[in-house]
Amino acid sequence: PVAPFAAYRGALCLYDLERPDEALVELKGVQARYPKHEVGEWAAYSRGWIHLSLGRFHEAKASFRGLLDEYPKGKLGAPAQYLFATALFQERRFREAEREFLPFVDAQRGSGLADAALLWAGWAALLDGRPADALTHLDRLPAEFPASPLAADAAVAEGEAAFAARNVT
């Protein structure tokens with residue numbers, strides 16, 4: 001039972017040693033050797049996260065989508081979905097990112113990421129040139145997550161969205 005975790009940790013050590021491509025190869029191997037073990041899910045998630053951290057958004061999305069397909073009831077589905085939407089946002093595919101963030105908010109309300117997803121959905125709509133939609137999303141954040149530390153960030157974004165809405169021709 002220790003072998004899967006040792007292999008996974010060894011792959012992460014490569015990343016810690018600034019050898020991300022080697023870490024990605026090792027993580028793929030861990031996932032292939034232990035597909036039904038929880039470490040396989042962690043390896044898939046880590047591959048996506050490493051790609052995302054390197055700015056390889058296409059590969060990150062493929063890794064996260066693969067995780068969601070292979071482990072539909074896994075423990076890492078919610079963060080993988082959130083990071084999939086984040087990769088779309090980073091690619092400046094704002095409308096698609098918004099479409100991924102919004103269902104996440106309702107489905108993962110207690111995940112600790114739902115408020116952030118709502119904030120990013122608002123920013124995505126604003127950057128997509130739809131300030132009215134942005135205001136709709138951003139108004140939800142303090143109402144639905146009153147204790148969220150992101151409420152102040154939402155207020156700043158709301159100000160920008162309101163300004164943009166007034167100046168839309």
Side-chain angles (χ1 to χ4, degrees), residues 8 12 15-16 20 24 27 31 38-169:
Y8 172 72
L12 291 184
Y15 180 75
D16 292 341
L24 288 165
L27 287 166
Q31 189 179 1
E38 69 180 305
V39 80
E41 182 183 8
W42 278 98
Y45 179 83
S46 296
R47 287 179 55 225
W49 189 88
I50 289 172
H51 282 303
L52 187 62
S53 72
L54 296 172
R56 298 174 184 167
F57 305 122
H58 180 74
E59 293 88 346
K61 289 185 317 197
S63 293
F64 292 129
R65 182 58 60 207
L67 182 149
L68 293 166
D69 291 344
E70 291 178 46
Y71 306 94
K73 301 210 186 283
K75 295 178 182 176
L76 299 174
Q81 183 67 38
Y82 178 84
L83 291 175
F84 179 83
T86 301
L88 288 168
F89 189 94
Q90 292 299 321
E91 289 180 319
R92 305 186 60 80
R93 295 168 59 185
F94 300 123
R95 194 170 295 240
E96 292 172 73
E98 176 188 13
R99 280 191 219 128
E100 293 290 331
F101 280 128
L102 286 174
F104 179 90
V105 172
D106 295 323
Q108 301 297 327
R109 192 157 293 279
S111 72
L113 292 173
D115 56 343
L118 192 52
L119 178 65
W120 285 113
W123 276 113
L126 181 60
L127 293 169
D128 192 48
R130 295 175 293 110
D133 290 342
L135 282 169
T136 299
H137 304 326
L138 296 168
D139 282 343
R140 287 179 56 193
L141 202 149
E144 294 180 27
F145 302 96
S148 172
L150 298 177
D153 293 334
V156 171
E158 279 183 289
E160 292 192 31
F163 178 79
R166 286 193 303 273
N167 293 299
V168 171
T169 55

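Hydrogens, waters and symmetry mates play no part in the numbers below; they use all other heavy atoms, side chains included. Residue numbers run from 1 in the order of the sequence given.
Using a 4.5 Å cut-off on side-chain heavy atoms (C-beta onward), Lys61 and Glu91 make contact. In this structure, the side chains of Gln81 and Phe64 stay at 4.5 Å or more apart for every pair of heavy atoms. Leu52 has its side chain out of reach of Arg47: every pair of non-hydrogen atoms, C-beta onward, lies at least 4.5 Å apart. Within the 4.5 Å cutoff, side-chain heavy atoms of Phe94 are placed close to those of Arg92. Residues Phe89 and Leu127 are in side-chain contact: their nearest non-hydrogen atoms beyond the backbone lie under 4.5 Å apart.
Residues Gly40 and Tyr71 come closest through the heavy atom pair C-OH, 3.3 Å. Contact record, Ala117 with Phe104: CB-CD2, 3.5 Å, taken as the closest heavy-atom pair. Closest of all the heavy-atom pairs between Leu113 and Pro79 is CD1-CA, 4.2 Å.
Salt bridge Arg93/Glu96: present, at least one basic N to carboxylate O contact under 4.0 Å.
Looking at Glu41, its side chain does come within 3.5 Å of a backbone N or O of Leu76 through a donor-acceptor pair.
Using a 3.5 Å distance cut-off with no hydrogens or angles, the side chains of Gln31 and Glu70 do pair a donor with an acceptor. Tyr45 and Ser63 are not linked by any side-chain donor-acceptor pair at a separation below 3.5 angstrom, with hydrogens and angles left out of the test. A side-chain donor from one of Tyr8 and Ser46 sits under 3.5 Å from a side-chain acceptor of the other.
With rounding to the nearest 0.5 angstrom, the CD1 atom of Ile50 is 5.0 Å from the CG atom of Leu24. In this structure, CG in Leu150 is found 9.5 Å from CG in Leu118, a value given to the nearest 0.5 Å. Rounded to the nearest 0.5 Å, atoms OH (Tyr82) and CD (Glu100) are 13.5 Å apart. The structure places CH2 of Trp49 at 12.5 Å from NE2 of His51, a figure rounded to the nearest 0.5 Å.
The ring of Phe101 has its center no closer than 6.0 angstrom to the ring center of Trp123.
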Only distances under 3.5 Å count here; give the side-chain donor-acceptor pairs of residues 132-147 to other protein atoms, sequence neighbours excluded, each with its distance to 0.1 Å.
residue: Asp133; atom: OD2; partner: Arg130; partner atom: NH1; Å: 2.6
residue: Thr136; atom: OG1; partner: Ala132; partner atom: O; Å: 3.1
residue: His137; atom: NE2; partner: Glu98; partner atom: OE2; Å: 2.6
residue: Arg140; atom: NE; partner: Glu144; partner atom: OE2; Å: 2.7
residue: Arg140; atom: NH2; partner: Asp106; partner atom: OD1; Å: 3.3
residue: Arg140; atom: NH2; partner: Glu144; partner atom: OE1; Å: 3.2
residue: Glu144; atom: OE1; partner: Arg109; partner atom: NH1; Å: 3.1
residue: Glu144; atom: OE1; partner: Arg109; partner atom: NH2; Å: 3.0

